[in-house]
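Naming convention: chains lettered A, B, ... in sequence-line order (proteins, then strands); numbering from 1 in each chain.
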There are 2 protein chains.
Amino acid sequence: MTITQLKYVLAVAEHQNFTKAAENTFVTQPTLSMQIQKLEDELDILIFDRSKKPIELTDIGKKIVSQARNIVNEADRMQDVVDQQKGFIGGEFKLGIIPTIMPTLLPMFLRTFTKRYPKVQLKIEELTTDEIISKISENHLDAAIAATPLYQEKIRERALYYEPFVGYIPKSHRLAEKKEIETADLDIEDILLLEDGHCFRDGVVNLCKSPKLHADQSFQLESGSFETLIKLSNEGLGMTLLPYLHTLEISEKQKDNLRYFAKPHPSREVSLIYSTSELKLQIINALYDTISGVVRGAIAFQDVEIISPTKKNRK
Amino acid sequence: MTITQLKYVLAVAEHQNFTKAAENTFVTQPTLSMQIQKLEDELDILIFDRSKKPIELTDIGKKIVSQARNIVNEADRMQDVVDQQKGFIGGEFKLGIIPTIMPTLLPMFLRTFTKRYPKVQLKIEELTTDEIISKISENHLDAAIAATPLYQEKIRERALYYEPFVGYIPKSHRLAEKKEIETADLDIEDILLLEDGHCFRDGVVNLCKSPKLHADQSFQLESGSFETLIKLSNEGLGMTLLPYLHTLEISEKQKDNLRYFAKPHPSREVSLIYSTSELKLQIINALYDTISGVVRGAIAFQDVEIISPTKKNRK
DNA sequence: CAAATACTATCGATAAAATTTATAATTACT
DNA sequence: AGTAATTATAAATTTTATCGATAGTATTTG
């Protein structure tokens, strides 16, 4: 059994086709046929059911493929071990970002980062916090950006910035006349929230230390995007809360509706998180430096109070 | 990079000597030299510092070896995947056993097991419960026998038997006249215990629901073996508690000093434990069947009350 | 201090293997 | 039936792994 054979198996399993797999692995099709046959002989099992079209994995073949993926993944990480030692900044890097951070933060640092570290191939994925936690643990993700703290033993967090919550309060709202708002002003009943599961929503719910918290059925209007919330709010359906960076992008007219909190500003902590195994630490450092540098210009709040995401139902 | 090269690296790292490593891997020494050089060239690093005698790993070499071990371990497990599918019962099997179970249980099932499953190469190690938990998680152990429950999410437990605690009470002791003893009779102050860290000790401490529990300094006489405890007890230093299976092996004269508990018999649960990944399930089943079959004849108590090991300081 | 010892690297030869090109066999599709 | 698509086989070629012999280099020993 060789690592090469295992890679061939993975390629054929992926493409369900020897010819296409051969093209992707840059060898000829007979090479795949023979090497996979050799592996099948050695293990004395059939990995593929060649009678089916397209080709299929046998039952044992599925397990073989799963284990092959483990082996090949571990083998691929050898290069990362070496890169880390050499301080080489390059290679593929998989970054996860939660939905409420992705659209505002990504445009702020992506161009700068790719220019500064051209040898790093960033693969960015929008994921929920739970997906991020499990993917980091299983080494399917090199790092992620999420609201913290997460209280995960095997995940390190490095705070990038503290992003205040800002009230978006339409003219018709009872708080519209106030210049500054306070947490005590908030009534969970008339705040529009993201749909259940977003950690931003969890943060807001934590913010309103209302005893009505458990009356979940009262949240009738929930949306997946802040744009929708703003529109609903304009329709007089209530106020909403936005993350500070998002307020930089709304129209001038809408900015009139923004109301900041009195100090200390309630905020969410946004961090770069990664596995304690700390492979690719160089790239993590590079990302951290780039993002915190870019954000430092955009966010200049002091005196923040951190609202933690809850442990359950976060996105 | 090939799996073979990684195995060579591991061999040289282990023996700190190319020549001996070559003998162990059944190739000639030049083969090792060349293949390891090839790997070093490919990764463009030095794994070994050949100027030191005996040969040493470089800093990066240590990390390479660690990663190589990961890869080779995963590769070795491929055969297990196949064996499991085929229902083949054989191959190497690493079993851990805690010290208070090892000497009595091992002789009871080892002969039967090796006769029934001659193709299984059992490698048995005496380990503390904590060592067992970490080694099972890291796949350095295929299964283990320990006192349960352990409350470990990633470890499965299958109860083998319930082993009652039996009092060993010398003539001079205040309880010597009783035919049956009860937990209420116990005074932690005059019970001889194993040294701190044994989970059997923890079980006994749990048994005596005494408020004096925290006065740890009162346990002055502690030993690592039940034989010593019995001797100390005979010297009039107090009573002690033994696991039932151990009482089958003491002399007739000493058996006079045994006092059983009234029902329900306080007992420890002894289980076969293994990772949830469940590779080598065939062998685990075989072990379970053999041990529970052998023990069924030896232990025939009903009406047991299970005393759990504590989570801290267990062995 | 020189000889012996222990160990690793290098060289050339050889055996083993992986890969390629060419082609046959099989299956699916029209 | 004929064509297209796909996998298997065969023979040739290139590449790689291993070995035996030996050179080089410390380390130890008499």
Rounded off to whole Å, could you give me the [atom1]-to-[atom2] distance for the [X] and [N] pair?
X: Asn17(B); N: dT27(D); atom1: CG; atom2: P; answer: 14 Å
X: Asp49(B); N: dA26(D); atom1: CG; atom2: P; answer: 12 Å
X: Ile3(A); N: dT16(D); atom1: CD1; atom2: P; answer: 15 Å

Please give me every residue in residues 18-40 of chain A whose heavy atoms get under 4.0 Å of an atom in DNA chain C, ordered by residue number. Val27(A), Thr28(A), Pro30(A), Thr31(A), Met34(A), Gln35(A), Lys38(A)
Tell me which residues in residues 61-72 of chain B put a heavy atom below 4.0 Å from DNA chain C, sorted by number, or none. none
Could you give the side-chain donor-acceptor pairs of residues 110-120 of chain A under 3.5 Å, partners two or more places apart or in another chain?
| from | atom 1 | to | atom 2 | distance (Å) |
| --- | --- | --- | --- | --- |
| Thr114(A) | OG1 | Leu110(A) | O | 3.0 |
| Thr114(A) | OG1 | Arg111(A) | O | 3.1 |

Any donor-acceptor pair under 3.5 Å from Gln79(A) side chain to Asp76(A) backbone: no
Contacts table for residues 66-73 of chain A: side-chain donor-acceptor under 3.5 angstrom, sequence neighbours left out:
| from | atom 1 | to | atom 2 | distance (Å) |
| --- | --- | --- | --- | --- |
| Gln67(A) | OE1 | Asn70(A) | ND2 | 3.1 |
| Gln67(A) | NE2 | Glu74(B) | O | 2.7 |
| Gln67(A) | NE2 | Glu74(B) | OE1 | 2.8 |
| Asn73(A) | ND2 | Arg69(A) | O | 3.4 |

Enumerate, atom names and distances included, each donor-acceptor pair closer than 3.5 Å involving a side-chain atom of residues 53-61 of chain B, sequence neighbours excluded.
| from | atom 1 | to | atom 2 | distance (Å) |
| --- | --- | --- | --- | --- |
| Thr58(B) | OG1 | Leu46(B) | O | 2.7 |
| Thr58(B) | OG1 | Ile47(B) | O | 3.1 |
| Thr58(B) | OG1 | Gly61(B) | N | 2.9 |

Row check, Tyr274(B) ring normal vs Arg156(B) NZ/CZ: under 6.0 Å, within 45°: no
Of all nucleotides in DNA chain C with an atom under 4.0 Å from a non-hydrogen atom of chain A, which is the first and which the last going 5' to 3'? dA17(C) to dA28(C)
Nearest-0.5 Å distance that lies between atom OG in Ser275(A) and atom CG in Asp142(A): 9.5 Å
Classify Phe48(B) by what it touches in the nucleic acid, base, sugar-phosphate, or nothing, heavy-atom distance under 4.0 Å. nothing
Hey, which of these two, Lys53(B) or Thr2(A), hits DNA chain C nearer its 5' end, going by closest nucleotide?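 In this pair, the answer is Lys53(B).
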